[in-house]
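The structure appears below as structure tokens.
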Amino acid sequence: MAKEFKFDVDAVRAQFPACELKVAGEPIAYLDGPGGTQIPQRVLDRVMKYMIEQNANEGGNFLASTFCDIVEDGAREAVADFLGCEPGEVGFNCSSTQNNANIAHAFARKFDKSARILTSEMEHRANIAPWLHMGKDGYDLQVVKLDTLTQQIDMGDFKAKLTPETKIVSLNWASNGLGTVSDVKKMIEMAHEVGAITVVDAVHYAAHFPIDVKDIGTDVLLCSAYKWFGPHVGVIYMRKDLIEELDFYNVMCEDIATGPRRFHMGTPQYELLAGVIEAVNFIASVGEEYADCFPEKLEGLSGRRRNVVAGMEAFDTYESALAKKLRFGLREIPGVTVYGPAEGQPRTPTVVFRVEGFTTDEVTKALGERGINAWHGDYYAVEIMNAMGFGGEAGGGMARLGLAPYCTERDIDRALETVRDLVAGK
Ligand SMILES: Cc1ncc(COP(=O)(O)O)c(C=O)c1O
């Protein structure tokens, strides 16, 4: 029998030094998580430890240098537990944008110009720009439509555009612009039926749900550690044989001829990889507390992988309830429209909205003045905002509030009160 789930948010907050900061006498409400989360003390300590005690480049016959390999291997093992893959299938660069650009470069070498590339309007520009560039170079780029009514991917359009000529299908798992979670597993299956390689942008998804890359069956998956309590590191998963097959941009030296180092564009950010290890350990440490609440989700899992999955289940359960309160609260305020998929459809705890009579800039300014961190604009989900009619500077995009496990019910109440006051002219 599963233990009753009761999330101890204070215990989580105690691990984040940023949660002690105040504006106008109140703790800052970090509802800007989709842009990047706050960092636990253990991650900060680990980065600092590397930089003070272990700082060197790899390959030297001295103590500090040996730590580079330890950290790099450790980060691969940690991410393997985070994504459900083997350490040898994980690589790192500065950002997901950089990783995607590197993959696109390799795809451009692999395929001739008759290759069709399928992406969608649901994407962050990080997962559309590489394909736009390939389109400019003459590849057949097709962009699947966003159904603006359901605010989900138009599956009819996906099926229509998925042809035997399609070689790359690159899709968003969860939208940072709408919060929509897409059925990537189904789309991957369909893409594989026509022989295409699949890339999944899980940058937003990875902050809120456990990931099992083998279960969804994708060939490539991207995520970024700064969205899940770590430093600015782009993480890439790739199926082992594809790593060996693709011709990546790298320095073409013997020591990177095989294995996941083939992804690396220069010296990895070792100090930040040390932080990635601790970010995963942080999630696992929370998961250990709540594992008994999710026994059915943890069947067959053990060790850190089990605790990571439990941790993400705990975050999802806690954040989803708060996000629901936020959505329903916002909808009760006159002039507020909340966007994203219908209630009951898969979504992240990211809430996007507009307030009649106010620009999104004015809305987030009002929130910011009260110490509530929120984003506005398009957050690089340019195609979504264009499709929804809020594109460009004139359109203003949307205002966005996103949950993280250190957010509280009080944060939500304060955000709702601020929007209510704004509308009431207070
Ligand atoms: C869905 C999504 N994809 C990609 C990115 C880009 O990630 P990075 O900043 O690591 O390039 C972001 C960043 O916000 C995002 O939300």
Side-chain angles (χ1 to χ4, degrees), residues 30-39 75 79 82-83 90-105 119-133 143-144 146 151-153 170-182 184 187 198-209 211 216 218 220-237 263-265 268-269 272-273 275-276 279 339-341 346-352 373-385 387 397-398 400-404:
Y30 293 105
L31 296 173
D32 57 336
T37 54
Q38 298 304 313
I39 312 284
V79 169
F82 186 66
L83 298 179
V90 176
F92 306 101
N93 274 305
C94 291
S95 62
S96 289
T97 303
Q98 192 187 43
N99 275 328
N100 225 10
N102 196 6
I103 304 169
H105 185 265
T119 185
S120 85
E121 288 182 337
M122 193 66 98
E123 312 303 318
H124 181 287
R125 269 292 164 109
N127 193 35
I128 200 160
W131 322 124
L132 287 174
H133 281 283
V143 182
V144 176
L146 162 71
Q151 293 168 44
Q152 293 168 319
I153 284 193
S170 189
L171 295 167
N172 171 278
W173 198 346
S175 160
N176 69 318
L178 288 168
T180 306
V181 173
S182 297
V184 287
M187 289 187 279
T198 58
V199 178
V200 170
D201 173 355
V203 175
H204 185 54
Y205 187 92
H208 304 292
F209 308 104
I211 290 180
I216 59 167
T218 188
V220 184
L221 180 136
L222 306 164
C223 63
S224 304
Y226 73 98
K227 307 286 188 184
W228 33 273
F229 326 109
H232 287 88
V233 172
V235 171
I236 175 166
Y237 155 81
F263 297 127
H264 290 186
M265 298 172 94
Q269 307 120 286
L272 303 187
L273 295 189
V276 169
Y339 296 91
R347 66 192 307 156
T348 65
T350 293
V351 181
V352 287
N373 295 6
W375 285 111
H376 69 280
D378 62 28
Y379 355 98
Y380 295 100
V382 177
E383 280 65 27
I384 290 179
M385 296 308 160
M398 298 180 192
R400 181 177 76 180
L401 297 167
L403 275 299

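In listed order, ligands and their atoms are each counted from 1.
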Looking only at heavy atoms of Tyr226, does any of them come nearer than 4.0 Å to an atom of ligand 1?
yes
Asn127 and Asn100: side-chain donor and acceptor closer than 3.5 Å?
yes
Which ligand 1 atoms are under 4.0 Å away from a heavy-atom of [X]?
X      : answer
Ser95  : 8 (P), 10 (O), 11 (O)
Thr97  : 6 (C), 8 (P), 11 (O)
Ser224 : 7 (O), 8 (P), 10 (O)
Lys227 : 13 (C), 14 (O)

Can you tell me if Trp131 has over 12 outside heavy atoms packed within less than 6.0 Å of its CH2?
yes
Please find out if less than 6.0 Å separates the ring center of Phe209 from that of Trp173.
no
Could you check whether any side-chain heavy atom of Val203 comes within less than 4.5 Å of a side-chain heavy atom of Trp228, counting everything from C-beta outward?
no
Considering Met122, His124, Gln98, which one's heavy-atom position lies nearest to atom 5 (C) of ligand 1?
His124
Can you pull out the closest protein heavy atom to atom 1 (C) of ligand 1? Residue, atom name and distance to 0.1 Å, please.
Asp201 OD2, 3.6 Å
Going through the checks in order, is the side-chain contact (heavy atoms from CB on, under 4.5 Å) test met by Ile384 and Thr180?
CA-CA 11 Å; Ile384 290 179; Thr180 306; over 6 Å; no
Determine the sole option in Asn93, Val90, Ile103 for which the side chain to side chain contact (heavy atoms under 4.5 Å, CB included) test with Ile236 is passed.
Ile103
